[in-house]
Amino acid sequence: MDKNIDIATEKRTNWFERQFKIKASGSTIKTEIIAGITTFIAMSYILFVNPTILGDAGLDKGAVFVATALTGVVGCLAMAFIANYPIAVAPGLGSNAFFAYSVVLGMGIPWQTALAGVFVASLLFMLVTVLKVREVVINAIPANLKAAMAVGIGLFIAFTGLKQGGIVVGSAKSFVTITSWSDPHVWLTVFGLIVTIVLLARKVPGALFIGLAATAIMGVVTGLIAMPHSIIASIPSLAPTFGVSIMNIHNVFNVQMAVVILVFFFSVFFDTTGTVIGLAQQAGFIKDNKMPKEVGKALFADSTSMIAGSVFGSTPTACYIESSTGIAAGGRTDFTAVVVAIMFVLSLFFSPLLAVVTSQVTAPILIIVGSFMMKSIANIDWSEFEISFAAFMIILCVPLTYNISYDLAFGLITYTITMIAAGKGKKCIRLCMSLRSYSYYYSSQCTNYLLNKGDYSWINQL
Ligand SMILES: Nc1nc2[nH]cnc2c(=O)[nH]1
């Protein structure tokens with residue numbers, strides 16, 4: 001009898017090891033669990049920040065809370081079982097602020113249509129990954145302009161944070177100005193900002209989450225935020241946002257939405273590619289400076305979760321840079337990502353805490369994440385005027401116009417003018433030609449894939 005139990009346990013252990021290769025990776029189950037929990041703590045603020053930001057755009061907060069958690073579950077499991085990486089996936093901070101404040105409130109696009117745009121962008125992302133046209137996409141927009149977009153969106157997010165927190169206010173004389181400091185809510189934002197930047201500077205794991213929690217507690221203690229009625233409750237309904245993206249797909253066929261879709265697509269694509277390579281480097285997965293084949297699978301996993309997220313009612317997903325905390329804690333296998341997925345499931349019962357996450361509580365995070373995006377400014381070639389002026393126009397106009405289609409248009413038009421004037425017009429034309437020939441080649445590849453439907457071996461070749 002004991003022998004039978006032993007054999008059964010050994011079989012289970014073998015399955016577990018075959019699946020997650022924990023021993024083979026030089027890790028232990030305990031280390032992987034600790035790594036998963038560490039990553040989750042570092043990123044869990046998104047569960048409360050996402051509903052607050054998307055709530056400003058008119059989405060139901062309870063539904064977005066559930067959509068965020070479910071997207072995290074799908075994303076982490078997809079990353080674990082498709083790419084086998086210890087990387088967590090959830091709706092990205094940055095794209096949600098961009099969705100709410102620029103696309104919906106700035107450009108006046110209904111949130112239902114914007115969500116349909118996220119769905120189309122995620123299909124495009126998946127198509128590009130499956131057809132392996134990574135390089136074409138990477139080369140499609142000049143590197144300097146891509147970097148400028150990230151910087152501009154970073155400035156935009158930080159500006160939104162300053163506005164939400166009440167630190168920067170409107171002015172009839174100078175357009176914007178500093179607050180009068182008479183509103184105590186503004187001081188709550190300042191408190192949160194100071195606590196969070198001190199924690200970040202001291203490299204405390206989960207600094208953003210702890211900063212958010214400290215600001216919310218300070219708000220409740222000082223009476224600036226109402227006490228929540230409870231901490232645990234049943235799961236809110238997903239009905240207000242579920243499937244809305246698909247039902248509104250007919251509204252995305254116009255130029256304005258085409259630009260929004262491209263911006264979502266490009267920002268997710270470059271974010272995921274960059275983050276996965278950075279994290280794979282940290283985990284020691286990159287040998288001989290060769291791009292690991294799992295990068296393609298990670299892009300596929302991310303696009304899968306982005307599709308799921310947009311159907312649930314959430315904004316584009318990202319491979320979370322916070323996964324670096326779990327990797328630093330020793331996480332080396334996909335089991336780390338599975339643990340994060342389990343934590344997301346458990347978090348579904350904590351929705352009442354949403355009530356204490358007001359805009360003063362999220363403002364410090366927006367300002368800080370904006371600063372994270374500034375680092376791309378170093379990738380812009382400031383020595384060549386014909387390049388740098390277009391980049392400058394994009395950076396300047398993203399926060400000032402609140403309208404990404406104008407920014408991209410300003411950037412591309414000034415880039416074309418200055419490049420032609422500098423006698424480098426051929427570079428722009430060559431780019432268009434290569435895009436056209438790639439599109440012919442890959443449309444035939446696409447047909448092949450469709451004819452081979454039912455055969456999923458191609459996932460291994462991503
Ligand atoms: N890479 C990445 N990490 C994040 N962590 C929180 N939001 C994001 C995001 O948009 N991208």
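The figures that follow rest on heavy atoms only: side chains count, while hydrogens, waters and symmetry mates do not. Just follow the structure's listing: the first ligand is 1, and inside any ligand the first atom is 1. Only a predicted model underlies this, so the values are computations on that prediction, with no experimental measurement involved.
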Checklist entry - Got the closest protein heavy atom to atom 3 (N) of ligand 1, with its distance? => result I321 N, 3.1 Å
Checklist outcome for this item: In this structure, atom 11 (N) of ligand 1 is nearest to the protein heavy atom D271 OD2, 2.7 Å
Check the surroundings of atom [atom1] in [X]: do more than 12 heavy atoms from other residues, nucleotides or ligands lie under 6.0 Å from it?
X    : atom1 : value
M218 : CE    : no
I231 : CD1   : no
H229 : NE2   : no
F191 : CZ    : yes

Checklist entry - Where on L93 is there a heavy atom closer than 4.0 Å to ligand 1, on the side chain, on the backbone, on both, or on neither? => result both
Checklist entry - Heavy atom under 4.0 Å from ligand 1: found in E322's side chain, backbone, both, or neither? => result side chain
Checklist entry - How about F65 and F350: are their ring centres within less than 6.0 Å of each other? => result no
Checklist entry - Of all the heavy atoms in Y45, does at least one lie under 4.0 Å from an atom in ligand 1? => result yes
Next on the checklist: I'd like to know if C319 contacts ligand 1, where contact means a heavy-atom distance under 4.0 Å to any ligand atom.
Outcome noted: yes
